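Presented below is the structure to which this report refers.
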Amino acid sequence: MPTVTFLNKQGRVAVDCQEGETLLQAGLRQGVPLPYGCGAGVCSTCVARARPGTVETDWADAPGAQNLKHDKGECLLCQSLVTDDCEILVPGKIDLAQTLAETPAHHRARLHDVALVAPDVATFQVSLEGQSDYTAGQYFLVRLEGMQGYRPYSMTDFQREAQTLNFVIKRIPNGKFSEEIFSNDVSEAKVDVFGPMGLATFDPSDPNEARDLVCLVGGSGIAGIMSVLDRAVSVNHFESHRLFMVFGVRRREDFFFLDELKRIKESAPDNVSIHLAVSEEEGSEELDAYRDFPLHQGFVHEVAERLGDGMFENRLAFLGGPPAMLTGSLALLLGAGLPVTDIRYDRFG
Ligand SMILES: Cc1cc2nc3c(=O)[nH]c(=O)nc-3n(C[C@H](O)[C@H](O)[C@H](O)COP(=O)(O)OP(=O)(O)OC[C@H]3O[C@@H](n4cnc5c(N)ncnc54)[C@H](O)[C@@H]3O)c2cc1C
Ligand code: FES
């Protein structure tokens with residue numbers, strides 16, 4: 001088994017690397033605090049350097065690899081494989097003397113119970129051979145047997161010692177994994193998963209997070225936020241803290257998880273304020289069964305701006321959704337004075 005040595009000016013640490021495992025997975029699994037965002041070749045957060053020719057790229061066309069300086073040995077840790085011992089130079093700000101308190105792991109698993117919940121949106125479950133803890137807001141990397149590459153999906157609830165992970169997936173036109181989920185019978189398919197991962201998390205036992213929340217979400221970007229809200233409800237967070245949330249989709253028929261949101265509202269009706277937004281339909285008549293959720297016209301960040309005067313101060317914010325929604329929501333919250341450290345999100349693409 002190859003030995004990978006991560007090093008920078010602050011120090012060095014050596015780990016083993018299993019066959020087929022990326023450098024990022026090998027490092028995180030053994031507690032090395034490597035930088036990452038998506039774990040899947042999209043965000044470029046995991047850029048490091050190797051001696052040219054010492055690492056193989058799993059996915060040369062990865063969007064996150066487009067600006068790499070190959071002549072300087074730059075590579076994406078999440079897309080690099082090795083067959084021999086090697087040294088990897090990581091950014092100087094990484095303290096290699098630190099060890100992660102919680103480490104992700106590989107699991108063999110079974111994908112099952114795909115259920116359509118809206119046009120082009122489905123829930124699915126992944127049952128692990130073992131079990132895993134995770135923090136609310138985290139995700140797992142999922143790889144269908146026989147398909148190249150892992151895809152990140154966020155858990156939609158909060159569990160300890162979870163054996164079955166719950167996900168929601170949006171259909172991506174021509175997306176290999178999502179088309180497989182929507183078009184073929186993948187029930188009981190074998191999958192490899194790696195996790196938990198992700199830093200857009202919520203831990204209400206941390207005194208700094210015992211705060212009012214704001215959640216701005218679009219479409220399947222609601223996934224990790226459902227986990228955050230589930231965690232909050234599990235400790236009666238909204239008995240003493242407020243929630244302001246805007247959930248947006250294109251058309252009314254695209255909404256899902258409204259019964260789950262209703263339960264969150266009912267847990268503390270006076271403190272939980274949930275608004276719905278549609279971007280491609282006129283009118284603002286509430287949905288019949290969900291009259292507690294005012295319906296608005298516009299994009300999520302526009303609706304939040306119209307409603308949110310004075311709503312954002314001192315809140316902890318969670319965002320989830322397509323890039324334009326994230327950009328608009330970030331601008332809104334930063335403009336309202338929220339420090340960047342109080343705004344948590346994963347970029348889906
Ligand atoms: C942190 C995070 C959490 C997310 N959570 C959710 C969620 O809860 N629900 C949801 O619907 N979407 C989520 N997404 C988006 C989701 O991961 C993408 O929509 C999904 O990867 C698309 O996969 P696909 O196979 O359908 O599309 P494709 O276009 O076929 O594949 C794109 C993705 O597959 C991977 N990939 C493709 N080819 C290769 C290859 N050759 N080698 C290696 N990797 C490859 C990469 O991850 C790439 O982004 C999340 C994204 C991130 C970053
Ligand atoms: S973590 Fe490697 S590209 Fe996002």
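One-based numbering, in listed order, for ligands and for the atoms of each. Source: prediction; values computed, not measured. In what follows, residues are counted from 1 in the order of the sequence shown.
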Tested for side chain to side chain donor-acceptor pair (under 3.5 Å) against Asn166, the lone hit among Asp157, Asp113, Thr156 is Asp157

Return yes when Met155 approaches ligand 1 closer than 4.0 angstrom through a heavy atom, no otherwise. no

Are any of the protein's heavy atoms under 4.0 angstrom from atom 39 (C) of ligand 1, yes or no? yes

Looking at Asp16 and Arg29, is there a salt bridge between them, counting it only when a charged N and a carboxylate O are closer than 4.0 Å? yes

Counting only heavy atoms, tell me which of Ser227, Ala40, Ser220, Ala200 gets closest to atom 46 (C) of ligand 1. Ala40

Any Lys/Arg nitrogen of Asp133 or Arg160 sitting under 4.0 Å from an Asp/Glu carboxylate oxygen of the other? no

Enumerate the atoms of ligand 1 whose separation from the nearest heavy atom of Tyr139 is less than 4.0 angstrom. 1 (C)

Go through the side-chain N and O atoms of Tyr150 and Asp192 and say whether any donor and acceptor fall under 3.5 Å apart. no

Have a look around atom 4 (Fe) of ligand 2 and list protein N/O/S atoms under 2.8 Å, or say none. Cys38 SG, Cys43 SG

Shortest protein heavy-atom distance from atom 8 (O) of ligand 1, along with the residue and atom involved: Ser154 N, 3.1 Å

For the side chain of Gln297 and the backbone of Ser279, is there at least one donor-acceptor N/O pair under 3.5 Å apart? yes

Would you mind running through ligand 1 and noting each atom that sits below 4.0 Å from a heavy atom of Asp346? 1 (C)

Please list, in number order, the atoms of ligand 1 under 4.0 Å from a heavy atom of Gln79. 43 (C)

Working for ring-ring contact (aromatic ring centres under 6.0 Å, His included), residues His237 and Phe202: CA-CA 12 Å; His237 187 77; Phe202 175 57; 5.3 Å; yes

Are the charged groups of Glu129 and Arg110 less than 4.0 angstrom apart, N to O? no

Considering only the protein, which heavy-atom contact is closest to atom 18 (C) of ligand 1, and what is its distance? Tyr153 OH, 4.2 Å

For atom 48 (C) of ligand 1, the protein heavy atom that lies nearest, with its residue and separation: Trp59 CH2, 3.4 Å

Carboxylate-amine/guanidinium contact Asp342 Arg211, below 4.0 Å: yes

Decide, yes or no, whether a salt bridge links Arg344 with Glu209 under the criterion of side-chain N to carboxylate O below 4.0 Å. yes

Of the listed options Glu179, Lys170, Gln138, closest to atom 11 (O) of ligand 1 (non-hydrogen atoms): Lys170

Quick one: look at Phe167 and ligand 1, take heavy-atom pairs under 4.0 Å, and tell me if it's side chain, backbone, both or neither. neither

Looking at Ala223, which atoms of ligand 1 are within less than 4.0 Å of one of its heavy atoms? 8 (O)

Are Arg251 and Glu253 within salt-bridge range, i.e. N to O under 4.0 Å? yes

Under 3.5 Å, N or O to N or O, is Phe177 touching ligand 1 that way? yes

With no hydrogens and no angle check, do the side chains of Thr164 and Ser127 hold a donor and an acceptor under 3.5 Å apart? yes

Honestly curious: do Leu276 and Val217 fall in one hydrophobic cluster under the side-chain, below-4.5 Å linking rule? yes

Can you check side chain to side chain contact (heavy atoms under 4.5 Å, CB included) on Phe244 and Ile274, steps first, answer last? CA-CA 6 Å; Phe244 172 70; Ile274 298 175; over 6 Å; no

Atom 27 (O) of ligand 1: closest protein heavy atom, distance to 0.1 Å, is Gly175 CA, 3.2 Å

Stepwise side chain to side chain contact (heavy atoms under 4.5 Å, CB included) check, Thr22 with Leu77: CA-CA 7 Å; Thr22 67; Leu77 293 173; over 6 Å; no

When you measure from atom 31 (O) of ligand 1 to each heavy atom in Arg151, Lys176, Gln148, Arg347, which option holds the nearest one? Arg151

For atom 43 (C) of ligand 1, the protein heavy atom that lies nearest, with its residue and separation: Gly149 CA, 3.2 Å

Nearest heavy atom to atom 49 (O) of ligand 1: which of Ile225, Val168, Val42 does it belong to? Val42

Atom 17 (O) of ligand 1: the protein heavy-atom neighbour that sits closest, reported with distance to 0.1 Å: Pro152 O, 2.7 Å

Going by ring pair (Phe, Tyr, Trp, His ring centres under 6.0 Å), name the residues that satisfy it together with Phe293, two or more places apart in sequence or in a different chain. none

Return the residue, atom name and 0.1 Å-rounded distance of the protein heavy atom closest to atom 13 (C) of ligand 1. Phe348 CE2, 3.2 Å

